[in-house]
Amino acid sequence: MVLWNSMPAAARPGASWLAMLWPALFVLACGLTFGLTLACPIAPLDDFLNHLTRMHLLFDEGRGAASPYYRAAWALYPNLAMDLTVPALARWTGVDRAAQIFLLTAQMLIVGGAVALEWAVKRRFDYAGFIALLLLYSIPFAWGFVNFEFGCGVALWGVAAWIALREKPAALRFAVHGLFVAALFACHMVALGLYGFTLGVCELHRAHVRRDSPAALAGTLVLLAAPAAAALAAMALNGAAIGNSGNDWDWLHKPVWPVLALNGFSLPVSLVGFNLLAWMALRLGKAGLRPQGAGGWLAPGFGLLYLATPMVLRDTAFVDVRVVVGGALILPAFISVRCPDDLWRRRAAAALAALVLVNLAVTGRLWLSYRDDYAGLLASFDKIPLQAKIVVAGEGGDSPFANLEQAPMTHGPTLAAHYRQALVTTLMATGGKQPLAMRPGFERLNSADRGPLGLDVLARIRAGAPGPDYLAAWPADYDYLYYVGPPRDNLMPDLLQEIDRRPRFTLYRILKAPAVAQ
């Protein structure tokens, strides 16, 4: 267990069996986790379905089967990890398998990167790998922010490389740093920010310990920032941008995100897991939790960064939650745990391993249940003619926790854009965030990256209530409607004809009847 290797062998009762059991449990947990990803042809992650559809459309256009409604829109901007790799790999594997490989690689990068970083800092394997496994289903990974997830894995390896090369020639160190910055720029800007923040704090701490001159510290920080500054300058010169303008601090959720972020599919698992980890940390106290290297600076640094980060940054959502998860992946490498006695050590090891396995079991039950749901969704596309226009409705509600188990179906209907060459309102086609845009003449029907509105909202808009432009005349503009959610009564039987019903969605044909009198 933690800090086991720092104790003399004679002072470690049961050291041999625990030393063997701990890595064995880790290997088992890794096998089960990665096996679950391989067992699901389509990963039940909310935004992942949207990304998967985009991969299909980019691949289709590359082989001469372009969509009548969407087009590729490449530019020199970040957040393109999946877009650069999956369509290229799909030439040999197919798009679905390539996307599955991408997700699996992201998970392996995170777990392996956490272990590599811990080894670079502590020179031993403690608990960082288990924390990484625990966080693989956290918000935002469970919500399908896969470019960010891939970027987090690259960032962990980058920080580990920076520390491992600390005593190597500066030219080698900064050359490797430049490669990681380029890779992270392509992956995700928030992951690049977490990487840069961690290295900056580590160098500030090192300069403080060594009493470096301000000029030497400034030179190091300038060299650290130079590759990112060059990438941003190149992006600006090419007229590209990072998303759209607009920031929003959601102070109401600031106190709860760290508590609820552990599992993006189950609030009870998040609450139990957070409270268990918090209880263990409080019991250990200052004597049991000790910073390693720059840990004493990084822990409060990430806390301040979380408070200062908006929830929406340049139209990228849940940025502060990403900081929580990124910090939770990085900090274990910089914090050592000293258990007071052997019994405590065994209980802590058992509790952490059990938490990882319970987290995996709860997630696995949900993931496996979606295999039939997605098969039913693909079958429903056969009831839709080619090039139809589809509006998507949902259960409504503003809370991101409204129905976490339903979330993986939210963007499922977007796959019709590939399988039936359809236009789907919830498919993300926003310039500056994805290399996908609407073709001329259909821009008004783009939902501008909004999720589905409630079916009751569509009913009110039909009756004359104001609504977003893309829904202002939805009964006339669209041919079919997917309702994503448990079956419910048809609110507009004169307009909507049910043609397919499944546990997590209902498909309606929109009857071209006269609009309700105004």
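Values reported hereafter were calculated over all heavy atoms of this structure, with side chains retained and with hydrogens, waters and symmetry mates removed.
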Query raised in the report: Which heavy atom in T506 sits nearest to a heavy atom in P487, and how many Å separate them?
Result: OG1-CA, 4.4 Å

Query raised in the report: Looking only at atom types and distance, does a side-chain atom of S266 sit under 3.5 Å from a main-chain N or O of N263, one as donor and one as acceptor?
Result: no

Query raised in the report: Quick one: does M409's side chain get under 4.5 Å of L377's, heavy atoms only?
Result: yes

Query raised in the report: Y419 vs H56 aromatic rings, parallel, tilted or perpendicular, using cut-offs 30° and 60°?
Result: tilted

Query - Donor-acceptor contact below 3.5 Å, side chain N359 vs main chain L355 - result: no

Query raised in the report: Do NZ/NE/NH1/NH2 and the carboxylate oxygens of D373 and R504 come within less than 4.0 Å?
Result: yes

Query raised in the report: Do T105 and L109 touch side chain to side chain, with heavy atoms closer than 4.5 Å?
Result: yes

Query raised in the report: Side chains of Y482 and S380: donor-acceptor distance under 3.5 Å anywhere?
Result: yes

Query raised in the report: Is a donor on one side and an acceptor on the other found under 3.5 Å between the side chain of R439 and the backbone of S67?
Result: yes

Query raised in the report: Any side-chain heavy atom of W474 sitting closer than 4.5 Å to one from R462?
Result: yes

Query raised in the report: Hey, does P268 have a side-chain heavy atom less than 4.5 Å from the side chain of V362?
Result: no

Query raised in the report: Hey, what do you get for CG (L427) to OG1 (T53), rounding to the nearest 0.5 Å?
Result: 6.0 Å

**Report entry** Residue pair I390 / Y478, side-chain heavy-atom distance below 4.5 Å
**Finding:** no

Requested in this report: Check the angle between the aromatic planes of Y69 and F442 and answer parallel, tilted or perpendicular using the 30° and 60° thresholds.
Outcome: perpendicular

Query raised in the report: E61 side chain to A72 main-chain N or O, any donor-acceptor pair under 3.5 Å?
Result: yes

Query raised in the report: Would you say W157's side chain and A114's backbone share a donor-acceptor pair under 3.5 angstrom?
Result: no

Report task. Verify whether one side chain among T37 and Q107 offers a donor that lies under 3.5 Å from an acceptor in the other. Result -> yes

Query raised in the report: Do the non-hydrogen side-chain atoms of L368 and C40 ever get within less than 4.5 Å of each other?
Result: yes

Query raised in the report: Between K383 and Y480, is a side-chain contact (heavy atoms from CB on, under 4.5 Å) present by the stated rule, with each step listed?
Result: CA-CA 10 Å; K383 301 178 180 180; Y480 290 84; over 6 Å; no

Query - Option from D60, L423, L58, N446 for which side chain to side chain contact (heavy atoms under 4.5 Å, CB included) with Y70 holds - result: L423

**Report entry** Spacing of W74 atom CH2 and Q434 atom CD [to the nearest 0.5 Å]
**Finding:** 11.5 Å

Requested in this report: Could you tell me whether R97 atom CZ has more than 12 heavy atoms of other residues or ligands within 6.0 Å of it?
Outcome: no

**Report entry** Residues which pass side-chain contact (heavy atoms from CB on, under 4.5 Å) with N490, listed by chain and number, not counting sequence neighbours
**Finding:** M492, P493, L496, Y508

Query raised in the report: When the ring centroid of F145 is compared with that of F48, is the distance short of 6.0 Å?
Result: no

Query raised in the report: Within the side chain of T363, is there an N or O that forms a donor-acceptor pair under 3.5 Å with the backbone of L360?
Result: no

Query raised in the report: Between F302 and I330, is a side-chain contact (heavy atoms from CB on, under 4.5 Å) present by the stated rule, with each step listed?
Result: CA-CA 10 Å; F302 272 110; I330 292 168; 3.9 Å; yes

Requested in this report: Show your reasoning for whether salt bridge (Lys or Arg N to Asp or Glu O under 4.0 Å) applies to R509 and D479.
Outcome: CA-CA 6 Å; R509 178 184 291 111; D479 309 303; over 6 Å; no

**Report entry** Distance, nearest 0.5 Å, that separates CG of L352 from CG of L276
**Finding:** 8.0 Å

Query - CA sep, side-chain torsions, deciding dist, call: N79, F185, side-chain contact (heavy atoms from CB on, under 4.5 Å) - result: CA-CA 7 Å; N79 312 343; F185 181 83; over 6 Å; no

Query raised in the report: For R71, what residues pass the side chain to side chain donor-acceptor pair (under 3.5 Å) criterion, not counting sequence neighbours?
Result: none

Query raised in the report: Going from CG on L357 to CZ on F130, what distance comes out if it is rounded to the nearest 0.5 angstrom?
Result: 8.5 Å

Query raised in the report: Can D320 and R322 be counted as an ion pair, charged N to O under 4.0 angstrom?
Result: no

Requested in this report: Output all residues satisfying side chain to side chain donor-acceptor pair (under 3.5 Å) with D47, sequence neighbours left out; order by chain, then residue number.
Outcome: H411

Report task. Provide the closest heavy-atom pair for L38 versus L104 in the form atom of the first, atom of the second, distance. Result -> CD2-CD2, 3.8 Å

Query raised in the report: Can the ring centres of W143 and F318 be said to be less than 6.0 Å apart?
Result: yes

Requested in this report: Assess the pair F274 and W279: is the distance between their ring centroids shorter than 6.0 Å?
Outcome: no

Query raised in the report: When you measure from the centre of the six-membered ring of Y306, is the NZ or CZ of K254 under 6.0 Å away and within 45° of the axis?
Result: yes

Report task. For A328 and P332, work out which heavy atoms get closest and say how close. Result -> O-CD, 3.0 Å

Query raised in the report: What is the distance from atom CE of M428 to atom CZ of R54, rounded to the nearest 0.5 Å?
Result: 8.0 Å

Query raised in the report: Taking C-beta and beyond as the side chain, do F265 and P408 meet within less than 4.5 Å on heavy atoms?
Result: yes

**Report entry** Donor-acceptor contact below 3.5 Å, side chain S447 vs main chain T425
**Finding:** yes

Query raised in the report: W251 and L307: which non-hydrogen atoms are nearest, and at how many Å?
Result: CH2-O, 3.4 Å

Query raised in the report: Can D477 and K389 be counted as an ion pair, charged N to O under 4.0 angstrom?
Result: no

Query raised in the report: What do the steps show when you test W257 against I139 for side-chain contact (heavy atoms from CB on, under 4.5 Å), and what is the final call?
Result: CA-CA 9 Å; W257 281 126; I139 302 169; 4.0 Å; yes

Requested in this report: Check L135, L136, L134 against S138 for a side chain to side chain contact (heavy atoms under 4.5 Å, CB included) and give me the one that passes.
Outcome: L135

**Report entry** Heavy-atom closest pair, residues V86 and V95
**Finding:** CG1-O, 4.2 Å

Report summary line: The side chain to side chain contact (heavy atoms under 4.5 Å, CB included) partner of N147 among V190, D83, L84 is D83

Report task. Grab the two heavy atoms, one from M108 and one from F34, that are nearest each other, plus how far apart they are. Result -> CG-CZ, 3.8 Å

Requested in this report: Rounded to the nearest 0.5 Å, what's the gap from SG on C152 to CD1 on I110? Could you check?
Outcome: 5.5 Å

Query raised in the report: Are the side chain of Q406 and the backbone N or O of L404 linked by a donor-acceptor pair below 3.5 Å?
Result: no

Query - Presence of salt bridge, R444 and D469, under 4.0 angstrom - result: no

